[in-house]
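Note sheet for the following structure.
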Amino acid sequence: MSDKVHLDHAHGLTLLREMERIRRFEAKCVELYQAQKIRGFLHLYDGEEAVAVGVMQALEERDAVVATYRDHGHALARGVPMGPLMAEMLGKVEGCSRGRGGSMHFFDAASRFYGGNAIVGGGLPVAVGIAMADKALRDGAVTACFFGEGAAGEGEFHESMNLAEIWKLPVLFVCENNLYAMGVPLEISEAQTDVFRKAEGYRMPGERIDGMDPVQVEAAARRAVASIRAGNGPYFLECRTYRFRAHSMFDAQLYRTREEIALWKERDPIARLRRWLLETHMISDHEIAELEAAIAAEIDEAVAFAEAGTLEDVADLERFVLMDEVPQ
Amino acid sequence: MSDKVHLDHAHGLTLLREMERIRRFEAKCVELYQAQKIRGFLHLYDGEEAVAVGVMQALEERDAVVATYRDHGHALARGVPMGPLMAEMLGKVEGCSRGRGGSMHFFDAASRFYGGNAIVGGGLPVAVGIAMADKALRDGAVTACFFGEGAAGEGEFHESMNLAEIWKLPVLFVCENNLYAMGVPLEISEAQTDVFRKAEGYRMPGERIDGMDPVQVEAAARRAVASIRAGNGPYFLECRTYRFRAHSMFDAQLYRTREEIALWKERDPIARLRRWLLETHMISDHEIAELEAAIAAEIDEAVAFAEAGTLEDVADLERFVLMDEVPQ
Amino acid sequence: MSAEPIRMTYREACRQAIRDALSADPRTFVMGEDVGLYGGCYAVTKGLIDEFGPDRIRDTPLAESAFVGAGIGAAMAGMRPIVEIMTCNFSLLALDQIMNNAATIPHMSGGQFAVPLVIRMATGAGRQLAAQHSHSLEGWYAHIPGIKVLAPGTIEDARFMLKAALADPNPVLIFEHIVLYNAEGDLDPGVSEVDIARAKIRRPGRDVSLVTYGNSLPKALDAAAELAGQGIEAEVVDLRVLRPLDDATIFESVGRTRRCIIIDEGWRSGSISAEIAARLADEMFFELDAPVRRICAREVPVPYAAHLEEAALPRTADIVATAKALVRPQ
Amino acid sequence: MSAEPIRMTYREACRQAIRDALSADPRTFVMGEDVGLYGGCYAVTKGLIDEFGPDRIRDTPLAESAFVGAGIGAAMAGMRPIVEIMTCNFSLLALDQIMNNAATIPHMSGGQFAVPLVIRMATGAGRQLAAQHSHSLEGWYAHIPGIKVLAPGTIEDARFMLKAALADPNPVLIFEHIVLYNAEGDLDPGVSEVDIARAKIRRPGRDVSLVTYGNSLPKALDAAAELAGQGIEAEVVDLRVLRPLDDATIFESVGRTRRCIIIDEGWRSGSISAEIAARLADEMFFELDAPVRRICAREVPVPYAAHLEEAALPRTADIVATAKALVRPQ
Ligand SMILES: Cc1ncc(C[n+]2csc(CCOP(=O)(O)OP(=O)(O)O)c2C)c(N)n1
Ligand SMILES: Cc1ncc(C[n+]2csc(CCOP(=O)(O)OP(=O)(O)O)c2C)c(N)n1
Ligand SMILES: [Mg+2]
Ligand SMILES: [Mg+2]
């Protein structure tokens, strides 16, 4: 375990709790999907929790987040309340996007969560623009932009990296390199498979880190955010990680082997951190039990909130197609 | 002068003649533009002749060319007859594109000239596709794709470089870096101003050369084409050059100084080569006079051909919107 | 026909069509995101990489503009590519290549270069995929001169349109509806090709013409069946080809029924339904006995919630109600 | 009004509008290719970089998708950007950002985020710039829910639409016609704003409605003048706003004249002219005395040669001939 971050008792528990919240929230979503209460695409973050949790530790309230369709982890780690997220999964008007976005499109203005974007690469230019506004209006604010390694193939990645660097914008580019874009392995889709080296092409500082270790991710994110807040412009982090489950719910996973998956599961960020915290006696089995009970309760509450939720009035279907005013 | 190329009497004359043909063809075009016989946009290659002429020396009949809206030099150097080019400028049906394309859109199937493309970056994916077909159908054929440094900002540049490299396609990427994209200087538009270094981001071999020296360009192009024909995949050349005149006919050139232009004109590829050929007594004043007379005659003929040309029948306006067959 | 009808899904029909094409012409290959190892986002190309290998079932990076442009270049240089854009929602990233190159170069080059390219894409809503994954853009594409636009609404068209599209010297866009992939039906073994120039009357009727295509076709047929029970004979015209439109078939039908309702899953304004209504208002003005009605998607980004998505799309009930009001005005 | 009318070109009107906007609101800035040092491809922003500096008149690299997307993000985070896409021909590269983000996020986020963004672009043909530089896509953009589309056809609209667009909480696309930039006219000093919700009758008449916008407006006005000489009183309706369309004004005019011709420089199929004709065929069916005619661009990539380009675009003579045939059928 990296220890660039001071990992005391409280912080260790926080990292573990935040990752567990995501893991269990999604486990519940799978149940509800099988019960057909959740429909559409469902992209799980299962295995990648350390990335969102680690990065969010380095962010403050003033900062902004742009995510992808695989956005459960980002929203939860950012602190968007679980109830509205679960209600969104169920398509209820109490959802964080009034039930209009579903799994792929969580939005939360209160926490400057600018949404899960389901067009690969589509969020990067938006993040660049948020950073332009922040540079003018919110001195020191950073926009964390999450995307997969597959997005690095898109022209928008190239254009956005360049804009962010020439204008020295406060953007933290976080590439979640889970080695596959749906079923396309990095080796056959990218000439440069060391994704972090792409940053060099824009003279942008970048590094690769172990995306299965929340502490290492947090340490790197803190370095990056410090550099950005110091006015040095954008920063690029490649987090090597792995998705334990299918790309979405319809995926035979013909493109990878059971062995490979098993190998990566040995590096499960949650199991690893839990083990380490126990071995170092930083936390007790009892505390873990408490933590898990608390999360279970939070999830039950979220589900109850969602189930009790209502459907948006069909008469409001066209509401917000055109806005009457800019929300404050 | 670089001498990696065996520059004998005949070859020296060829390089000089080809550059002069372009320079004088365009001088005539300016006249005809002022006489309002040529309309629309007119992008001159004036100053950049060494790039097209140098690269074309390395190409064979089987090879293909993709150019931009600044395509006069590429078409002439590729060997497209001057008459149809001038007729195209005048919008005559005898033009290389039946008068439908004009200055920006020269096409010539006979010489595998796949057109001047007026969408910046738009030609790169097409070049990649031509190379895919050649790899399957015309063993050893190379596609030379010309574009400006401004195109390197576009997402299509990024996507095309990556495709060409992962599929090891026979594409010669020729970046004509004339330091400006219309009025935008490279320094404010690119984080990485050493454009050839961008190739590294795709693990593609690339080099920078003096685009004002046809011999150096030819030498590099021969190296590149040899590597491509050997099956090593694409190759990237950054040719540092300069446009002596306005971007197009409407350009106050507020973005650069007279001094800068004057400095670059001292490196005029035509004047330099002529001087060198004379100083080394490789050619005589008499031969130069002959060469210039021959070019003047070729241009007069081309203009006569164009002036004598006819207008396409308006009844044919919709012809070829949909093709009846694939031309052989 | 003596032989047994062949039962298959729309998805299998698309796959078989691709298999035939690859077997028939060595110049043909498939290129797109996840067409290979993954087996296709909607499993259309499943298994084909094992049959034809990774060069002919070519997985691409996420780079819509470049691989569509590459398809254009390959077609110009002698190949007969089938490019798959996973869904039309992502095709916006390749629109410059489609409009400014594929649709333009043949004309602009004075006929020197053709672009015999087929682009397949999934289209449509109905699976709760939310706004960014629920566009129906086929009618919008039909605005562009220089391309052809096909929308198979039946198993037979899914099975045979590709062959005709590949034989065409022009860029042909084929829009396959995501909701139809699982549809199952019988193929007449006597049929081995379809005409991609003509619309087709799927059900004859004398009282009103229901002009539609794609996944609105089954809805129109259901509506026609329901209307028949109430004594209204609706004729169902399946456009099949959105560009160039087969005016003759549409006009002939409306000339007989003197009433027309167009059903289109695209947004209403400036849709293909608008073009058809406009042509009727111009060329069939004196034959019409009633206003030309349109039933389109509501003009909203399609929401995730089932009840909202359902409300945003054309519904059989709307067709029935509109037809009744048109044929039997109060 | 007592004060002297102010004479200026359409180009100057656009520039003055931008100058006003930058002076009025520190959150507003201009971003696009060559808006700064070069002075704008069509010289609209000429000199503004000296007045407002490179941060507020920001030159971008060639990266349409990213700088339009950046405008969207900046607008969502509190700025009021004016993004210039040099011409609509290049806007295809940014279409994904416009449709899937700008037009979608306000609705999809349940109204949490607005995108108060203005995108200006040059549009149209008529300067022999050939197919890739001669598109008229404003009517096509009007298909997209979640955006507003403006097409200033007069100096006054060029001068004042921007202010209204910036005050609007939604993404607004403004299409300025390249042929109009040099047009000169008088501004009424009493006017300081325009209504971007309503179409405007530019010339009253009782015999036929000529519905148009942009650079077809002067053609329609010329045609109306010519028709008047022949005893036909044509009413000229300037749409001004292509989305949302002002049905009321159009219907009211056609309700009086009972005849309509739509003139549109866009390609005919699925154009804004189709949408208007379709709405008339539906809602004004019983008021119409004659077929709804459309005069649009021919469905070809616009060629370079002057005579071909001219033949490809709507012509005053066509309007006159069509109107005469409609009002006085043989
Ligand atoms: C522009 C675009 N093209 C294709 C898709 C379909 N698609 C959705 S996710 C995905 C793979 C993305 O891979 P990556 O960026 O690595 O993210 P991951 O799913 O691995 O987290 C694809 C191809 C899309 N949503 N957007
Ligand atoms: C996609 C696109 N955006 C903008 C333009 C307008 N434009 C034409 S040429 C040009 C500058 C291109 O610069 P560069 O690539 O360096 O080529 P150069 O003109 O210097 O040869 C621009 C912005 C265009 N034609 N296409
Ligand atoms: Mg991935
Ligand atoms: Mg340049």
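Convention: sequence-line order gives letters A, B, ...; per-chain numbering from 1.
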Which heavy atom in B:Phe107 sits nearest to a heavy atom in C:Ile105, and how many Å separate them? CE2-CG2, 3.8 Å

Keeping the roles fixed (side chain from C:Gln97, backbone from B:Gly122), state whether a donor-acceptor pair exists under 3.5 Å. yes

Portion of B:Phe157 that has a non-hydrogen atom of chain C nearer than 4.5 angstrom: neither

Provide the closest heavy-atom pair for C:Asn101 versus B:Val126 in the form atom of the first, atom of the second, distance. ND2-CG2, 3.6 Å

Do you know the tightest heavy-atom contact between C:Asn170 and B:Val321? OD1-O, 4.4 Å

For each of C:Pro61, C:Pro171, C:Gly71, C:Pro116, tally heavy-atom pairs with chain B at distances under 4.5 Å, and name the one with the top tally. C:Pro61

Which of the residues C:Leu93, C:Asp55, C:Asn100, C:Val115 is involved in the greatest number of heavy-atom pairs with chain B at under 4.5 angstrom? C:Asn100

For the pair B:Arg138 (side chain) and C:Ala77 (backbone), establish whether a donor and an acceptor sit closer than 3.5 Å, ignoring hydrogens and angles. yes

Let me know if B:Asp324 has heavy atoms under 4.5 Å from chain C in its side chain, its backbone, both or neither. backbone

Looking only at non-hydrogen atoms, find the nearest pair between C:Asp59 and B:Trp167 and report the distance. O-CZ2, 3.7 Å

Would you say C:Ser65 and B:Glu159 are linked by a side-chain donor-acceptor pair, where the criterion is simply a distance under 3.5 Å? no

Using a cut-off of 6.0 Å, state whether more than 12 heavy atoms not belonging to B:Glu61 lie near its atom CD. no

Tell me, side chain or backbone of C:Phe29 under 4.5 Å from chain B's heavy atoms, or both, or neither? side chain

So for atom CG, which belongs to B:Asp139, do other residues, nucleotides or ligands contribute more than 12 heavy atoms lying within a distance under 6.0 Å? no

Least distance between heavy atoms, B:Tyr114 atom then C:Phe113 atom: CE2-CE2, 3.3 Å

Evaluate the side-chain proximity of B:Pro125 to C:Ile72: yes if any heavy-atom separation is below 4.5 Å, no if none is. no

For the backbone of B:Cys96 and the side chain of C:Gln112, can you confirm whether one donor and one acceptor N or O come within less than 3.5 Å of each other? yes

Spatial distance of atom CG (C:Asp168) from atom CG (B:Leu322) [nearest 0.5 Å]: 7.5 Å

Hey, are the side chains of B:Glu154 and C:Asp96 touching, using non-hydrogen atoms and a 4.5 Å cut-off? no

Separation between NE2 of B:His105 and CE of C:Met108, rounded to the nearest 0.5 Å: 4.5 Å

Within this structure, what is the OG1-CD1 distance for the pair C:Thr60 and B:Ile166, rounded to the nearest 0.5 Å? 8.0 Å

Quick one: CZ on B:Arg112 to CE on C:Met76, what's the gap to the nearest 0.5 Å? 10.0 Å

Bottom line for C:Arg56: the part with an atom under 4.5 Å from chain B's heavy atoms is neither

For each of B:Thr143, B:Asp108, B:Asp134, B:Leu169, tally heavy-atom pairs with chain C at distances under 4.5 Å, and name the one with the top tally. B:Asp108

Report yes or no: does C:His107 contribute a side-chain atom to a donor-acceptor pair with the main-chain N or O of B:Met323 at less than 3.5 Å? no

